Amino acid sequence: MDLVIGPLDLPAHVDEALAVQAVAFGLGPDEVAVRRQIVLRHMTYPGARALGATSGGRLVGFVYGMPNDRTHWWSTVVEPYLRALGHAHWLDDSFVITELHVHPRHQNHGVGRALITTITDSAVEPRSILSAIDVDSPARGLYHSLGYTDLARQVVFPSAPMPYAVMGAPLPLRRR
């Protein structure tokens, strides 16, 4: 596979990226429209950055993240769960992986691993945090293989149909 990982101007390619996310995550048009506004807002935050994976000139995966800020919505939702388990400090000095999606035809070929390790390699924060649907899945398997551990499970986000796990790892991520 002729995979190229590089910086992605996510606001300029938001529709292309969300098309990948829609297929990978099973999103309908209404959810894509909501997420479009969220992505565009996130990319205005200090330190937000994105990477894309292209194959044959087409976007097949993307990741974006930013230094965590306790005032952001995600942090306010997960903080009580982390605090209850003695892990609230993970919200400080962390780089949060906000979204990571790979088109299903390109999954299980190292694309997600390349995206997440590349974006965290340039983080100045000493650790990374993220949330993933709280089921055994290839995504959670990838995160565990990189050194992420479960910090809180059964985290409920408003309007999300399934609970999530909040995971954290020291940086740099473990290589396989």
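It should be emphasised that the depicted structure is a prediction, and the values quoted were computed from it without experimental measurement.
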N/O donor-acceptor pair under 3.5 Å between [X] side chain and [Y] backbone:
X	Y	answer
Asp2	Gly56	yes
Arg174	His144	yes
Thr76	Trp73	yes
Arg140	Asp134	no
Ser94	Asp92	yes
Asp150	Ala152	no

* Does Tyr143 have any side-chain hydrogen bond (donor to acceptor under 3.5 Å, both in side chains) partners at least two apart in sequence or in another chain, and if so, which? ->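 side-chain hydrogen bond (donor to acceptor under 3.5 Å, both in side chains) list for Tyr143, sorted by chain: empty.
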Do [X] and [Y] have side chains that approach each other closer than 4.5 Å (heavy atoms only, starting at C-beta)?
X	Y	value
Val14	Leu40	yes
Phe62	Glu16	no
Val166	Trp74	yes
Gln107	Pro138	no
Leu171	Asp121	no
Ile97	Thr120	yes
Ser128	Met167	no
Tyr148	Ile116	yes

* To do: Can you sort out the partners of Phe95 under ring-ring contact (aromatic ring centres under 6.0 Å, His included), two or more places apart, ordered by chain and number?
  =>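 Partners of Phe95 under the ring-ring contact (aromatic ring centres under 6.0 Å, His included) test: none.
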* From CA spacing to verdict: side chain to side chain contact (heavy atoms under 4.5 Å, CB included), His42, Met66 -> CA-CA 8 Å; His42 283 166; Met66 65 199 75; 3.7 Å; yes
* Asked: Hey, what's the ring geometry for His106 with His103, parallel, tilted or perpendicular (30° and 60° as the breaks)?
  ->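 Aromatic pair His106/His103 classed perpendicular.
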* Please work out which of the three classes, parallel, tilted or perpendicular, describes the rings of Tyr164 and Phe157, given edges at 30° and 60°. =>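 Rings of Phe157 and Tyr164: perpendicular, as their planes differ by over 60°.
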* Measure from the ring center of Tyr45 to the ring center of His72 and say whether it is less than 6.0 Å. =>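 Centroid distance Tyr45-His72: below 6.0 Å, so yes.
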* To do: Could you tell me which non-hydrogen atom of Pro67 sits nearest to which non-hydrogen atom of Ala48, and how far apart they are?
  =>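 Scanning both residues, the minimum pair turns out to be CD-N, 4.4 Å.
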* Nearest atoms (heavy-atom pairs only) where Ala53 meets Ile5 ->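 Distance-wise, the nearest heavy atoms are CB-CD1, 3.5 Å.
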* Asked: So with a 6.0 Å cut-off around CZ of Arg153, is the heavy-atom count from everything else above 12?
  ->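 Check passes, neighbour count above 12.
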* Asp136 atom CG, neighbour heavy-atom count above 12 within 6.0 Å ->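 Atom CG in Asp136 is not crowded, with 12 or fewer foreign heavy atoms closer than 6.0 Å.
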* To do: Go through the side-chain N and O atoms of His101 and Glu99 and say whether any donor and acceptor fall under 3.5 Å apart.
  =>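 Present: a donor and an acceptor within the cut-off.
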* Does a side chain donor of either Asn68 or Ser75 reach within less than 3.5 Å of an acceptor in the other side chain? ->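 Yes, Ser75 and Asn68 have a side-chain donor paired with an acceptor closer than 3.5 Å.
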* Asked: Salt bridge between Arg35 and Asp30, side-chain N to carboxylate O under 4.0 Å?
  ->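 Salt bridge flag = no for Asp30 with Arg35.
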* To do: Run through Val102, Val63, Leu100 and flag the one making a side-chain contact (heavy atoms from CB on, under 4.5 Å) with Val111.
  =>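 Filter result, single survivor: Val102.
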* Once you round to the nearest 0.5 Å, how far does CD1 of Ile129 lie from CG of Leu82? ->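 Rounded to the nearest 0.5 Å, the CD1-CG separation comes to 7.0 Å.
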